[in-house]
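Shown next, in structure tokens, is the structure this report addresses.
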Protein chains: 2
Amino acid sequence: MSKTYSISELASEFDVTTRSIRFYEDQELLHPTRRGQTRIYSSKDRVRLKLTLRGKRLGFSLAEIRELFELWDETRSGSEKQLHLMLSKISERKAALEQQMKDITMVQLELESAEIRCRQALEELNEKHPATAK
Amino acid sequence: MSKTYSISELASEFDVTTRSIRFYEDQELLHPTRRGQTRIYSSKDRVRLKLTLRGKRLGFSLAEIRELFELWDETRSGSEKQLHLMLSKISERKAALEQQMKDITMVQLELESAEIRCRQALEELNEKHPATAK
DNA sequence: TCTAAGCTTTACGTTAACGTAAACTTGTTT
DNA sequence: AAACAAGTTTACGTTAACGTAAAGCTTAGA
């Protein structure tokens, strides 16, 4: 009897619209059960929603996210072939994430130096213009 | 007389289509000059293209990237107000990037443990099935 | 002179990821 | 009974970021 959630509970917890959540179901990322016609979300669904949103923030498409979910499900009782496929997908993703880490680091460095140049420009303004006090 | 580039040179160097490069110009991310009707790209344009692609990999929209370029250009001879605006945009971006770093780290951990579980499953298969040699 | 490569503009098509609106059911509160 | 809140389905609309022709210039080479 683990916990369940309504669609609006999940929507407000993760700050997405119910429209999005239904859309994710349509794309087979979530598989809520029903009571009557009302959707009931398990904690597994909740985890999947969380993972979905995280994946999105990382630039994965919904299709890619779905592919990962499916692979993982198939893998859970998988043949050797499935397991190897999963391992190769995993290392694909790992490589992509490492590239992203590098990109982020580069941009962070650029932002740092941009910030420094901004502050210097401000100081120069204040020397010519020591007026605007405090 | 610094170096210049043709559209297809840049396209093949960065592995994008010429269509995309022209589209970026349309969105005012690039500003090549012309010889006759042919576009000539400066090394500044090349840098901007590189930054654009990096920004895209990080999930920025073209509009956001353009906004950053414009802010930076305005800032280069900017008023105090411009400089402060730029600083606040910079810290916005820094915060977003930190969140992304966290996301990546989380996903990397999940991939790690998924990989481990895969390898264990493979070992178990090999114990029941020590056949497929080498 | 013809052709081929590489460039150009113009413009309609496409995909992903929802937004938005309309009309309906179901349960519960006044 | 009436009205409300929260859920549902159906379906058309929207935006971003290009893809994909189609048709025309321009210049080096056979």
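Every heavy atom of this structure was used, including side-chain atoms; hydrogens, water molecules and symmetry mates were not. Naming convention: chains lettered A, B, ... in sequence-line order (proteins, then strands); numbering from 1 in each chain.
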Rounded to whole Å, how long is the line connecting atom [atom1] of [X] with atom [atom2] of [N]?
X: B:L30; N: D:dA17; atom1: CG; atom2: C1'; value: 14 Å
X: A:R22; N: D:dA11; atom1: CZ; atom2: C1'; value: 14 Å
X: A:E25; N: C:dA17; atom1: CD; atom2: P; value: 17 Å
X: B:D26; N: C:dT8; atom1: CG; atom2: P; value: 13 Å
X: B:I21; N: C:dG6; atom1: CD1; atom2: P; value: 15 Å
X: B:I40; N: C:dC7; atom1: CD1; atom2: P; value: 10 Å
X: A:R34; N: C:dT25; atom1: CZ; atom2: C1'; value: 13 Å
X: B:R35; N: C:dC7; atom1: CZ; atom2: C1'; value: 12 Å

Side-chain contact test, heavy atoms from C-beta onward, threshold under 4.5 Å: evaluate it for A:Y41 versus A:R46 and give yes or no.
-> no
Can we say [X] and [Y] salt-bridge, meaning some charged N sits less than 4.0 Å from an Asp/Glu carboxylate O?
X: B:K94; Y: B:E98; answer: no
X: A:E115; Y: A:R119; answer: yes
X: B:R54; Y: A:E110; answer: yes

Cluster question for you: counting only ILVMFWY and a side-chain heavy-atom cut-off of under 4.5 Å, with indirect links fine, are B:I116 and A:I90 together?
->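 They do not share one cluster, since no chain of ILVMFWY contacts under 4.5 Å joins B:I116 to A:I90.
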Mind checking whether A:L68 and A:L30 sit in one hydrophobic cluster, side chains of I, L, V, M, F, W, Y counted as touching below 4.5 Å?
-> no
Mind checking A:T18 for me? I need base, sugar-phosphate or nothing, with any heavy atom below 4.0 Å counting as a touch.
-> nothing
Determine the contact category for B:R39: base if any of its heavy atoms lies under 4.0 Å from a base atom, sugar-phosphate if only primed atoms, P, OP1 or OP2 are that close, otherwise nothing.
->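 Result for B:R39 = sugar-phosphate.
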Below 4.0 angstrom from OP1 or OP2 of C:dT8, is there any side-chain N or O of B:T38?
->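 For C:dT8, neither OP1 nor OP2 has a side-chain N or O of B:T38 closer than 4.0 Å.
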Stacked cation flag B:R48 on B:F69, 6.0 angstrom / 45 deg | yes
Footprint string (nucleotides 18-23 of chain C, 5' to 3'): B base within contact, S backbone only, - free, heavy atoms under 4.0 Å = BBB---
